[in-house]
Structure formats: C-alpha cells, structure tokens
Amino acid sequence: MVKSSLCMKGILMNRIAQVCVNLPARNIDKVFSYAIPETLHFLDIGWRVVVPFGSRTYEGFIVALSEETSSEYEVKPIIDVLDSQAWFSDSMLQTAKWISEHYLCTLAEAMRLFIPGKTGIKSEKQFGITPDLEQAVVEQILSRLPLQPQAVYDYLKTHEQVVLSKLKKIFGDYTEAALNDLLANKLIVRTTTAKKRAVPQFTTSVRLAIPPEEAETYLETLAGKPAQKRLLALLLQKEEVKYSDLSTWQITRDTVNRLVKAGLVKNVKHQVLRNSYAGMGRRQQTVRLTPEQQQTIDHIIPAIDEQQYRSFLLHGITGSGKTQVYIEAVAAVRQQDRQAIVLVPEIALTSQIVSRFKERFGEDVVVMHSKLSIGERHDAWQRLQEESAGIVIGARSAVFSPVTRLGIIVIDEEHEFTYKQEEQPHYHTRQVAAKRTELEGAVLLLGSATPSLETYYAAQQGRHVLLTLDKRIDHSLLPDVRIVDMREELAQGRRSVISAPLQQLLADTLRRQEQAIILLNRRGYATFVLCRECGHIIKCKHCSVSMVYHNSSNMLRCHYCQASCPAPDICPVCASRYIRYFGTGTQKLEEELGKIFPQARVIRMDQDSTSRKMAHDRIIASFSRGEYDILLGTQMVAKGHDIKNVTAVGIISADSALNLPDFRSAERTFSLLTQAAGRAGRGDKAGQVVIQTYNPEHYAIMASSSHNYEVFYRQEIEARKSLQYPPFSELLKLTVYSSDENQARSQAEQIVRQLGKELQHDRQTEIIGPFAAPIAKINNSYRVNILIKSKELTNIKSQIVALKLNSRSDVLLDIEPLNIL
DNA sequence: AGCACGCCGACT
DNA sequence: GTCGGCGTGCTC
C-alpha cells in the first residue's frame, strides 16, 4: 500500500518482454527484446503480440519477461495484443522449445504449429508524409516530379496514414510508380499496419432498448407503421430476433434502423462458433464393457487419477473395441475436469470414432481437421481455451491444441505414417504428444492392431505399459485369408488382374447379397503409356515419373505435381499409332469389375472421387447402407470403418509397397494387409480375404494372413537389429534441392565431406550417400539425399547447427524420417 | 523474408 | 562521373 506509485510505475515501464518474432525466415532464430507499454501492463509469458520489426510489423510470442533495460540497442515498445488471454501455456511453450531443438527448426517455426494459420495478423503497407521537413524543400523537390506523385503527396498531407489499397482506389494504376518516386526522394515514409486475422464471426440480433411496459404503450403510436409495429410486437414476445430471421416476418433492415434511431430497439452481437460437426450425435450412456476392456481400463484409470505422466500401448486386434477404451479413459479425465486430445490418422476416414465420442460426450467434443478454415480452427481452439469444450478430436495438428489442463492424449492407429508431418518441421505426432503429456503430468494412450516397430519395442523395454485386447468384441472370428500366387495364375494362362480365387470369392459374396471391399493402391486408369513402336514412355515434363492415364477426363496426369495434358493418339516421339496403355489403376479395375459382374453395383473411392469435402463420409455411408455391393479403392478403403455386411476383402497387389527399397516396406505392407483384412467379417458372418502377390513366401505377407503380429514383429525386429536400423539406431535425412542436377550433387558431396571430417572419429555414425532420390526430379527440382545413421543423433545435430545446414534454403532436414527415399 | 548498404561493370 | 546489378548483413 505504501509503495509509491512512482516506484510501481518505474518497474512497469522497465518491463521488457523477450519476444519470438513470427518470421518466415529460417536464418533468424533468436528472441528480440521489446518494452511493455503501460497500456499493456497485463502482458505475460505466452501472449501473442504485435511488434515493430525493421520497417514492418509482425506477430510475436512472448517467451520470457525481464526487468532490466540493457542500453546496447533501442528497445521498441510492443504495439498491440492479439487475444484476450495468453495463447501459450507454459507446457506448450516448453514443447515448442523442445520441437525446435529436436527437429532443428527455428523457435518461430515450432510456435507457429500451435496457432491457427501461419500468422495471426495480416499486414498491409501504409504511407504517410515524412515529418519535420521544411516546406520550401518539399516544394522544390515536388516541382521536379510529375503530376501524379504531386497529387499523391497532397493527398497524404491531409490524411494521417493511408494503406496501399486505399491509395490504389483513388489514384489507380499509377499509384505504385508515384509512391516509388516519393519514397526515392524521401518525401514520404512507408510502414506497415497489422490487422488481426482471426476476426470472429458475429450474428446480429435485435432487442428492445426500453422496458417491455414502455414498448406496449408505443405499439399504439405505430398504427400507420405496420412493419415497425410487427417488430415491436415480436420483440415483446421473443425478447430477441436474429437479423437472419427478419425476412420470415417480412421485416426489412431499414425498419430495424428506423426503430434503432427512435431508440426503441438496439442491435446485439453474438459471436458464432463455427462447428461443422454440430449435432452429429446424441448423448447415450449405456455401454457394457467386455471383461477384457474392463481390465484394460482398470490399468489406465489409476494413472489418470495420479495425474502423473504414464504411457500405455493398447495392442488390440481389429474389431476388439479399442475405441470404447479410449472413451472410458477420456471420461475419467473429464471427471477430473481436465481436457483430452484424441488423435486419429485422418479425420475424413474415421468419422465413426467422431460419432462415438459425440454420442457419449455431445457438445463437449470439438472436431479439428485440415479442411477447416482458419476461422473455424480458431473458434474450435477458442472453445478449448475457454474450457467450454473439453475434448478435441483431430488429425496430427490437433496435438498442438491450446488445452489449458491436459489430462490425456490418445493416439489411435499410432503406427500410421500420416502422424509424421511431411513438411518442415518434420515432427512426429507421437513424439510431440509424449513430450506434452510428460510436461503436463498426463497420460499418453497409444492404440493399434499393428503397432509400429518402435512403439512395440519401447513397450518391450518397459517404456510403455503394454495392454492387450486379443478378442473381437462380438466374438466374431478373424477372417480366413487365402494367399494367391500370381505367378501360378500367369502360368495357368490367366492374365486378368483379378485372380480366379478372387473372382470366385466375389461371385459367392454377391450371390449371398453380402458386400466386398477391394484394395488397389494405384489411382487412375493406366499407370503408364508406352509406344510399342519406339518404346517411349510418356513422362512428366517437371518430374521424373511416368504420367498416369485418367479415362474420366481422357487426360494424362502427373501424380506428383498434378500437371496434366490431353492423352495423345500418336507417339510424341515417333508419331506411331501403336500407343498403348499399361498397368491397372482403380478406374480400369472399376471397368473390369463391371464387365465380369455386370449386375454388381460398384463404387470407387480414391483421391479423385473424394476431392470434395466429406466425400469419404458419403461414400462410406452409402456403401454401409447397402447401396453398393463392391467398394473399390486405394488404401483409404482399408481404414477405420466397421461395416457388418462386408464379408469379403480382395487385395489386388500386396507387393506394391513391399518392393520399395526402404527398410520399413515390410512393416508398411504388414500393417496395410492386416488392416484391410480386418474389414472383413465384423458381424456375425464369417469373413474371407484374398491376397494376391508375387511374393507369397514373404514373412510380412504370411504373418498378415495368420493375423499374427507377434510372428511378424519377431522376424522384423531381428532384421532391424542385424542391419542396425531403428529402433536400434537413429536416422537423419538431409535432402539437397536444386533446379540444377549437378549443383544438387556437388552441394551434397560437399556436405558429406564437411560432416565426414567432423565425424571421422565417431565410430557409431555412418554417413550414407549422397544418392539421387529414386524420383530424382519433382516439380523441376532435383533432389539428392544423404542419410546419417547413428546410435545417438545429438552429436550430429550439433555439427549440423555448427555448419548452419539447418538454416540453408536448399537443404531440408528430416529427423527420424519414416521414408528414407 | 525484406530492406539498406556497398562494391563493381555499363552507360549518359 | 552516375545508374543499377545483386552479395552481405541486420532487424529488439
């Protein structure tokens, strides 16, 4: 109380914020100091602010506070705030710091992951006259300039600061040239303004501005004004009317405005929280758990109650009821008033899990996915921040949700590769989740039928508690799997992509009026176009891959850069007419199925048929209503859904992923086959699966045919150990990009030399490469890879930082890549 | 990223 | 002598 206000003021004025400026550049990775002005005295760590930076304005994140003012440089004040509370909690900030260190990205890059969109502000150039110039000098310079700049200057003289868009409206096409003239002569100054990006959406409603009794008396006076009378009468009844509903009562906005002017009614704004999944399910509580599920839950609940970090791997076969376990665990977290993050590989493919959560938790659930607009994302996150929602379900980016009191992170299908971000920074959701839960004293629950090798190995080592569900909930049996050797098919003279056993299975299934799913992991019609005369294969001009023929549009398309061209009739090289289409994609398979089973109703699901929002949902929904007999598509048909009448699954080519020169190809194949097979026989009818392959003796294929994860794991882990691949080592992939092939190679060679010199005494590290990526060119950019394999990457990472490889624009780093190609 | 500063070659 | 190329360095 006695402390003088002067003293208080002194401290307040000297408060300095350390701000991480949200810059796109990779070569600036440091925090900048800004003064906290008195008007923003409430600022604290974690707030998003607007700061001046050079001549421009940027968003910044406060990462630390200090009292002292060092006088080495001028400290500019913070301009504004973005939100009404801190965006980053302490643990979010710590997680961001960890990400930047672990994945070698800037702190700004890491912090950007936690906000909707790339930046919270939109900046625009603005102009004003240079202050304190002598009138005579100005006149003299102006007189030498053309009329346009003179006119612009006169305008700016009478207006404080004007944004570029406004000047363009007034002065048209000459604006920029005129401004450049004025800038060159230093008559005007350019700055930037910052507008807050996340403008919350509002609805406007009308309310009475006077007490109802008073309004009653006014009704009489409005006899000659029927519309105004109607509105007033309505408001006496309903208290509030939305603008959007006014038309139903035949009241125009003008009528409202008249009454507003008269002071009888007023406008009220409500913020709309956009929620595209609103009303998807109703609350429903009666669930009986199987003894197995109950046992599992009994392990997880105590950990939740203790509020200490603990991680679990829930290994449950397909159809064993993992989702119910997630729901019970989340319910326990909600009981403690803590919040939950539930992660799924791809939200479009897993709407069933969303409905299950909605059924149980209703409006407490917020759904996030990549197709949400920045505004929708902002609203969803705001609901979590304000704790008006307690559960977020979403794809990998939802791991960054700003929940204030985290109790659990669930990762469903934790082995899925979509959890790894393929753009910079290449984070893995599982690792970020582990860090966040660790920092918050929360539970991490990983679930899968085919856990990733890393996770299962970690569980074996005691780093996760292993929980197992090995019975299907409805006691349905796992499907019968038949492996078809396609070499034998060929020997018997069958050339169709559909083998005899698969054709038989489909015929039987159709006869019983049951449904079938067919997996073919190649889009389009024909996968390459070849000239029989000269052997030319049509390749993309920008990428070193063959173009794929799409018959729906009669075009050739590149699946890497999306370039397309009309399908040619003659060979572009030798003009021969012997141009032929080879390789079967989903479109051609659809056509063939139509020929073999003309009566069958076939629906195709792949990237081309699901480009619209929610198209997956519609296809799955109509297939599950029995409107189609056969669902055919790429790997997206293998995920998540649970359709009781599906009794047959066909896998056209089990080898497509197996033959890639990547140490994870067996794992990839095993999990895809097991997931796909798991779609069959989920009801009371037995399921049957046909796997077509040229490698019938491969352990990944054999193990998946017997649904035996353990068998696969034991063989795969031995292979990894003997070759010292993860989890027995850590990998780092370095990609050098260039539009010039030789440049890419020579840069890569130089990097290998530099690193090799630094690491020559490091026996545990191996540098592999440089080698050209298998698809050497994508989008006119040549790529050369370097792979570093080590027991422990820490030393390598510090070398990379020392050599500044992490801030080079022609080098991309991928720490622990899932894909080494 | 942008923008200023600065050091070399092609012109009025 | 000046204009303008883009290499280098800085932004609290």
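Proteins get letters first, then strands, A, B, ... in listed order; numbering begins at 1 in each.
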Euclidean distance, atom [atom1] of residue [X] to atom [atom2] of [N] [Å, nearest integer]:
| X | N | atom1 | atom2 | value |
| --- | --- | --- | --- | --- |
| A:Arg808 | C:dT8 | CZ | P | 13 Å |
| A:Phe53 | C:dC12 | CZ | P | 6 Å |
| A:Asn27 | C:dT11 | CG | C1' | 11 Å |
| A:Leu23 | C:dC10 | CG | P | 16 Å |
| A:Arg56 | C:dT11 | CZ | P | 13 Å |
| A:Phe32 | C:dT11 | CZ | P | 7 Å |

Query raised in the report: With a non-hydrogen cut-off below 4.0 angstrom, is A:Tyr34 in contact with a base, only sugar-phosphate, or nothing?
Result: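 Sugar-phosphate, backbone atoms only, no base.
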Query - Boundaries of the chain A footprint along DNA chain B (any atom under 4.0 Å from a heavy atom) - result: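 The footprint of chain A covers B:dA1 to B:dC3.
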Report task. Look at the aromatic rings of A:Phe32 and A:Phe53 and report parallel, tilted or perpendicular, splitting at 30° and 60°. Result ->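 Answer is perpendicular, since the angle exceeds 60°.
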Run the ring-centre check on [X] versus [Y] and record whether the distance is less than 6.0 Å.
| X | Y | answer |
| --- | --- | --- |
| A:Phe400 | A:Tyr427 | yes |
| A:Trp47 | A:Phe42 | yes |
| A:His378 | A:Trp87 | yes |

**Report entry** Test log, rule salt bridge (charged side-chain N to carboxylate O under 4.0 Å, His left out), inputs A:Glu109 and A:Arg26
**Finding:** CA-CA 8 Å; A:Glu109 262 180 302; A:Arg26 275 219 279 162; 5.2 Å; no
Query raised in the report: Yes or no on side-chain hydrogen bond (donor to acceptor under 3.5 Å, both in side chains) for A:Glu440 and A:Ser91, after CA distance, side-chain angles and deciding distance?
Result: CA-CA 7 Å; A:Glu440 298 237 17; A:Ser91 70; 2.5 Å; yes
